[in-house]
A.B. asks: 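Sharing a structure with you now.
The chains referred to below are lettered A, B, ... by the order of the sequence lines, with proteins before strands, and numbering in each begins at 1.
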2 protein chains.
Amino acid sequence: MSSPRRRVIPEATIARLPIYQRCLLELEAGGRTKASSEQLAELAGVNGAKVRKDLSYFGTYGTRGVGYDVPHLLHEIRRELGMTHDWPCVIVGAGNLGTALAKFGGFTDRGFSVVAIMDVDESKVGQKVGALTIRHEDDLADVVAELDISIGIITTTAGAAQDVADQMVEVGIRSILNFAPATLDVPFGVLVRDVDVAIELQILAFHEERRVLSEAEIV
Amino acid sequence: MSSPRRRVIPEATIARLPIYQRCLLELEAGGRTKASSEQLAELAGVNGAKVRKDLSYFGTYGTRGVGYDVPHLLHEIRRELGMTHDWPCVIVGAGNLGTALAKFGGFTDRGFSVVAIMDVDESKVGQKVGALTIRHEDDLADVVAELDISIGIITTTAGAAQDVADQMVEVGIRSILNFAPATLDVPFGVLVRDVDVAIELQILAFHEERRVLSEAEIV
DNA sequence: CCGAGCTTGTTCACAAGTTCACAAAGTTGC
DNA sequence: GCAACTTTGTGAACTTGTGAACAAGCTCGG
Ligand SMILES: NC(=O)c1ccc[n+]([C@@H]2O[C@H](COP(=O)([O-])OP(=O)(O)OC[C@H]3O[C@@H](n4cnc5c(N)ncnc54)[C@H](O)[C@@H]3O)[C@@H](O)[C@H]2O)c1
Ligand SMILES: NC(=O)c1ccc[n+]([C@@H]2O[C@H](COP(=O)([O-])OP(=O)(O)OC[C@H]3O[C@@H](n4cnc5c(N)ncnc54)[C@H](O)[C@@H]3O)[C@@H](O)[C@H]2O)c1
């Protein structure tokens with residue numbers, strides 16, 4: 001089989017694909033069947049050249065003089081992102097945030113479903129969170145095997161996060177979304193993405209602080 | 001006054017400062033008073049050169065042959081990040097996520113406090129979320145002025161996010177943390193940071209998908 | 001069929017960020 | 001006081017990402 005040039009896709013491009021997907025969904029909902037790179041760029045908040053370059057990594061899906069075919073491009077992006085099938089996820093840490101995420105239905109449209117939620121707290125095990133029943137953390141291996149889970153979501157306290165990550169890796173999970181404010185140490189081949197709201201706020205505060213300083217300087 | 005060289009700080013460096021802060025807090029809690037760039041790097045999950053370069057943008061806080069003085073460095077980072085005073089924040093959108101964030105106490109230690117939560121839904125206005133009472137979105141200008149708010153957090157549905165952002169800008173907010181899956185259009189000078197959990201999951205899925213493909217190829 | 005008008009795909013130069021490597025500057029033991 | 005050792009701070013090479021520019025390619029009207 002002739003190898004279909006599998007180029008290396010820049011991380012920055014990968015991070016933008018879901019945004020393009022979202023914009024294309026909006027266009028599709030609005031009945032649009034064609035869109036130019038500039039229109040897409042406008043919606044995505046980037047510039048046209050970037051859109052064209054990003055999309056060109058995956059093939060030539062546009063038509064010169066016309067633009068991109070919305071449903072077709074959407075299909076291709078979905079395929080690239082692995083959105084053609086469903087991704088079962090497990091949440092570990094059935095606290096404030098874990099239960100909020102579990103109850104949130106918004107990920108289902110994008111191909112993710114929370115199929116299990118676990119905790120160490122015996123008093124929580126057995127309780128219901130939406131349609132799910134909280135199971136004991138010790139059952140992780142069973143749960144992951146039973147439900148064919150490949151993505152783990154950590155919403156425990158920071159202190160427990162590394163332990164939970166170790167257990168996840170142990171049972172074969174190689175993609176982890178971590179909400180705990182902790183730097184996780186995982187073996188090569190395991191991918192961790194951190195979502196840290198406090199850091200985002202601190203970045204805003206840094207700029208806000210500098211803004212105040214610069215303004216004081218001008219005066 | 002001799003201008004204390006205010007260099008341009010790379011964005012990537014700014015994003016790491018909160019991580020260093022967190023690591024230093026851990027070291028301090030453990031009673032450590034000195035730490036080398038390598039030790040800090042280990043905790044932060046980066047390499048030593050990066051730590052040294054990042055810190056050097058702010059001044060020379062280390063001692064050659066010894067390392068950095070933990071309390072001193074912590075103080076300097078706090079100052080740079082504007083953590084020496086409190087940042088009052090307003091949450092707009094008192095749904096699942098908005099209330100979870102409002103109730104979460106974990107930001108207070110880092111200098112952020114949610115001082116108001118608002119919604120358009122009349123049935124929610126007046127209800128309590130922890131110690132706060134949900135106020136009507138129309139009062140945003142008053143609330144921001146009264147409580148001297150500089151950071152706005154958007155947790156409405158995606159459709160309402162742009163409207164809310166416009167209102168925030170209108171009343172003088174220039175730092176916005178957006179949880180809605182929408183690209184916000186704001187004037188120059190206003191800083192928006194997006195937290196999009198679905199995108200993070202999609203990035204994990206992309207790599208997971210590729211991993212499966214590569215493995216199939218090897219066989 | 002042809003030319004005018006668009007829009008893509010790609011190249012290239014530049015900007016941003018990372019890592020290396022090492023002199024400078026400190027400490028410690030003798 | 002000096003030699004051996006440690007660790008910082010930084011210039012320089014390298015990698016990654018961005019944006020401008022433009023040739024190639026498509027459509028459409030006549
Ligand atoms: N709640 C928020 O709005 C919010 C926002 C941003 C970040 N976070 C972070 O998310 C994490 C969870 O926050 P939360 O408010 O849900 O906290 P929480 O205390 O309500 O929940 C933590 C849960 O984790 C469980 N847990 C602890 N150790 C465990 C282990 N080893 N295995 C399995 N479960 C374990 C606890 O029993 C508890 O149910 C924290 O790290 C927090 O910093 C929360
Ligand atoms: N819940 C989660 O776990 C989660 C996770 C990731 C992202 N999100 C995103 O966060 C946002 C909120 O999610 P949610 O689950 O809390 O939704 P939700 O429907 O529970 O809450 C949305 C709230 O916003 C209010 N609202 C709508 N328009 C408004 C306006 N113009 N002004 C003020 N308030 C307005 C609604 O009345 C409602 O109370 C969504 O965009 C969602 O995609 C949620």
A.B. asks: Take atom CG of N47(A) and atom P of dG17(D), then tell me their distance rounded to the nearest Å.
C.D. replies: 16 Å
A.B. asks: Do S150(A) and E208(B) pair up side chain to side chain, a donor and an acceptor below 3.5 Å, judged on atom types alone?
C.D. replies: no
A.B. asks: Polar atom pairs between nucleotides 12-16 of chain D and protein, under 3.5 Å, N or O only, would you list them?
C.D. replies:
from, atom 1, to, atom 2, distance (Å)
dA12(D), N6, K53(B), NZ, 3.0

A.B. asks: Rounded to the nearest angstrom, tell me the gap between atom CD in E38(A) and atom P in dA20(D).
C.D. replies: 10 Å
A.B. asks: Please check if the number of heavy atoms outside Q162(B) that lie under 6.0 Å from its CD is greater than 12.
C.D. replies: yes
A.B. asks: Going by atom types alone, do D69(A) and Y61(A) pair a side-chain donor with an acceptor below 3.5 Å?
C.D. replies: no
A.B. asks: dG17(C), OP1 or OP2 - any side-chain N/O from Y57(B) closer than 4.0 Å?
C.D. replies: no
A.B. asks: Can you tell me the distance, in whole Å, between the CD atom of E76(B) and the C1' atom of dG9(D)?
C.D. replies: 16 Å
A.B. asks: Using 30° and 60° as the class boundaries, would you call the ring planes of F58(B) and F206(A) parallel, tilted or perpendicular?
C.D. replies: perpendicular
A.B. asks: Distance alone, cut at 3.5 Å: any donor-acceptor contact between the side chains of H75(B) and E80(B)?
C.D. replies: no
A.B. asks: Is a donor from one side chain sitting under 3.5 angstrom from an acceptor on the other, for R52(A) and S37(A)?
C.D. replies: yes
A.B. asks: Whole angstrom is fine here: how far is it from CD in E42(B) over to C1' in dT7(D)?
C.D. replies: 17 Å
A.B. asks: Under 4.0 Å between a side-chain N or O of R52(B) and OP1 or OP2 of dG11(D)?
C.D. replies: no
A.B. asks: Heavy atoms from C-beta onward define the side chain here; which of dT10(D), dC22(D), dG17(C) lies closest to that of S56(B)?
C.D. replies: dT10(D)
A.B. asks: Tell me: CZ of F58(A) to C1' of dT8(C), nearest whole Å?
C.D. replies: 17 Å
A.B. asks: Take the protein atom CG of L55(B) and the nucleotide atom P of dT10(D), then report the distance between them rounded to whole Å.
C.D. replies: 12 Å
A.B. asks: Hey, what are the protein-to-nucleotides 23-30 of chain C N/O distances that come in under 3.5 Å?
C.D. replies:
from, atom 1, to, atom 2, distance (Å)
dA24(C), N3, R64(B), NH1, 2.7

A.B. asks: Within this structure, what is the CG-to-P distance between L73(A) and dT8(C), rounded to whole angstrom?
C.D. replies: 11 Å
A.B. asks: Figure out the NZ/C1' separation between K50(A) and dT8(C), and round it to whole Å.
C.D. replies: 18 Å
A.B. asks: Flag yes if more than 12 heavy atoms outside Q39(B) fall under 6.0 Å of its CD atom; otherwise flag no.
C.D. replies: yes
A.B. asks: Would you call the rings of H85(A) and W87(A) parallel, tilted or perpendicular, where under 30° means parallel and over 60° means perpendicular?
C.D. replies: tilted
A.B. asks: Can you tell me if the side-chain N/O atoms of S37(B) get under 4.0 Å from OP1 or OP2 in dT8(D)?
C.D. replies: yes
A.B. asks: Nearest 0.5 Å please: distance from the CG atom of N178(B) over to the CZ atom of R193(B).
C.D. replies: 12.0 Å
